[in-house]
Amino acid sequence: QVQLAESGGRLVQTGDALRLSCAASTRTFSSYAMAWFRQAPGKDRQFIAAISWDGGSTSYADSVKGRFTISRNNAENAVYLQMNNLKPEDTAVYYCSARPGRPGIAWPTNYGVDYWGQGTMVTVSS
């Protein structure tokens with residue numbers, strides 16, 4: 001069982017930067033691949049970024065590539081999403097997720113359970 005808690009979401013302006021954090025409560029955090037998703041009002045949840053269990057592999061959605069950076073600190077059981085040059089279309093609830101990791105794969109196929117946090121709201125005003 002993995003419990004995830006996101007934080008850092010708030011109202012910002014176009015062009016601003018923001019860092020989201022996700023704290024995980026598990027003794028085996030380093031065995032999980034981690035990812036960020038977002039869900040805008042009236043839309044499906046969308047993959048944003050993922051990072052492998054050791055941080056060596058990352059993957060990004062085209063819509064955020066070059067603006068967002070995912071990172072993790074296994075000693076602190078945390079994953080982060082640095083968001084730069086924010087745009088109004090980035091407005092959404094941001095969720096972190098965990099699934100069992102595999103070497104060299106940022107977000108491996110999972111045949112088991114994905115864990116989710118409650119989300120944190122990011123609003124980007126124009």
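Excluded from the calculations below are hydrogen atoms, water molecules and symmetry mates; all remaining heavy atoms, backbone and side chain alike, are included. Starting from 1, each residue takes its place in the sequence as its number.
- Both Val12 and Tyr94 belong to a single network of hydrophobic side chains, linked directly or stepwise wherever heavy atoms of I, L, V, M, F, W or Y lie under 4.5 Å apart.
- Nearest heavy atom pair, residue Lys65 against residue Asp62, reads NZ-OD1, 3.2 Å.
- Between the side chains of Arg38 and Gln46, at least one donor N or O sits under 3.5 Å from an acceptor N or O.
- The neighbour count for Gln82 CD, taken as heavy atoms of other residues, nucleotides or ligands under 6.0 Å away, is above 12.
- Trp107 is not connected to Val64 by any chain of hydrophobic side-chain contacts under 4.5 Å among Ile, Leu, Val, Met, Phe, Trp and Tyr, and they are in different clusters.
- Contact record, Ala24 with Phe29: CB-CD1, 3.4 Å, taken as the closest heavy-atom pair.
- More than 12 heavy atoms of other residues, nucleotides or ligands shown are found within 6.0 angstrom of CD on Gln39.
- For Arg67, the CZ atom is densely surrounded, since the number of other residues' heavy atoms within 6.0 Å is greater than 12.
- Leu81 and Tyr95 are assigned to two separate hydrophobic clusters, defined by single-linkage of ILVMFWY side chains at heavy-atom distances under 4.5 Å.
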Q) Passes side chain to side chain contact (heavy atoms under 4.5 Å, CB included), Leu18 versus Phe68? Steps please. A) CA-CA 10 Å; Leu18 191 64; Phe68 291 11; over 6 Å; no
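- Side-chain atoms of Asn74 come within 3.5 Å of backbone atoms of Trp53 as a donor-acceptor pair (strictly under, hydrogens ignored).
- A salt bridge does not link Lys87 with Asp90: none of the charged nitrogens is closer than 4.0 Å to a carboxylate oxygen.
- Ser125 contributes no side-chain N or O that, together with a main-chain N or O of Thr14, makes up a donor-acceptor pair within less than 3.5 Å.
- Pairing each heavy atom of Ala33 with each of Ala106, the nearest pair is CB-O, 3.3 Å.
- Within the model, atoms CE of Met121 and OG1 of Thr91 stand 6.0 Å from one another, a figure rounded to the nearest 0.5 Å.
- Taken from CZ in Arg45 to OG in Ser97, the straight-line distance is 8.0 Å, to the nearest 0.5 Å.
- Panel note: side chain Asn110, backbone Val113; a donor-acceptor pair is recorded below 3.5 Å.
- Using modelled atom types, one side-chain atom of Ser57 and one backbone atom of Gly104 make a donor-acceptor pair closer than 3.5 Å.
- In this structure, the side chain of Ser59 does not engage the main chain of Ala49 through any donor-acceptor pair within 3.5 Å.
- Checking each of Val79, Ile70, Ile48, Thr120 against Leu20 for a side-chain contact (heavy atoms from CB on, under 4.5 Å) leaves exactly one that passes, namely Thr120.
- Nearest heavy-atom pair, Arg102 versus Pro108, reported as atom, atom and distance to 0.1 Å: CD-CB, 3.8 Å.
- Put simply, the side chain of Thr58 never gets that close to the backbone of Ile51: no donor and acceptor are under 3.5 Å apart.
- Put simply, OH on Tyr80 and CG on Asn73 are 5.0 Å apart, with the number rounded to the nearest 0.5 Å.
- Cys22 and Met34 get closest at one heavy-atom pair: SG-CE, 4.4 Å.
- Glu6 places a side-chain N or O within 3.5 Å of a backbone atom of Gln118 that can act as its donor or acceptor partner.
- In this structure, Arg72 CZ and Asp54 CG are separated by 8.0 Å, a value rounded to the nearest 0.5 Å.
- Applying side-chain contact (heavy atoms from CB on, under 4.5 Å) to Phe47 and the options Tyr60, Phe37, Trp36 leaves one that passes, Phe37.
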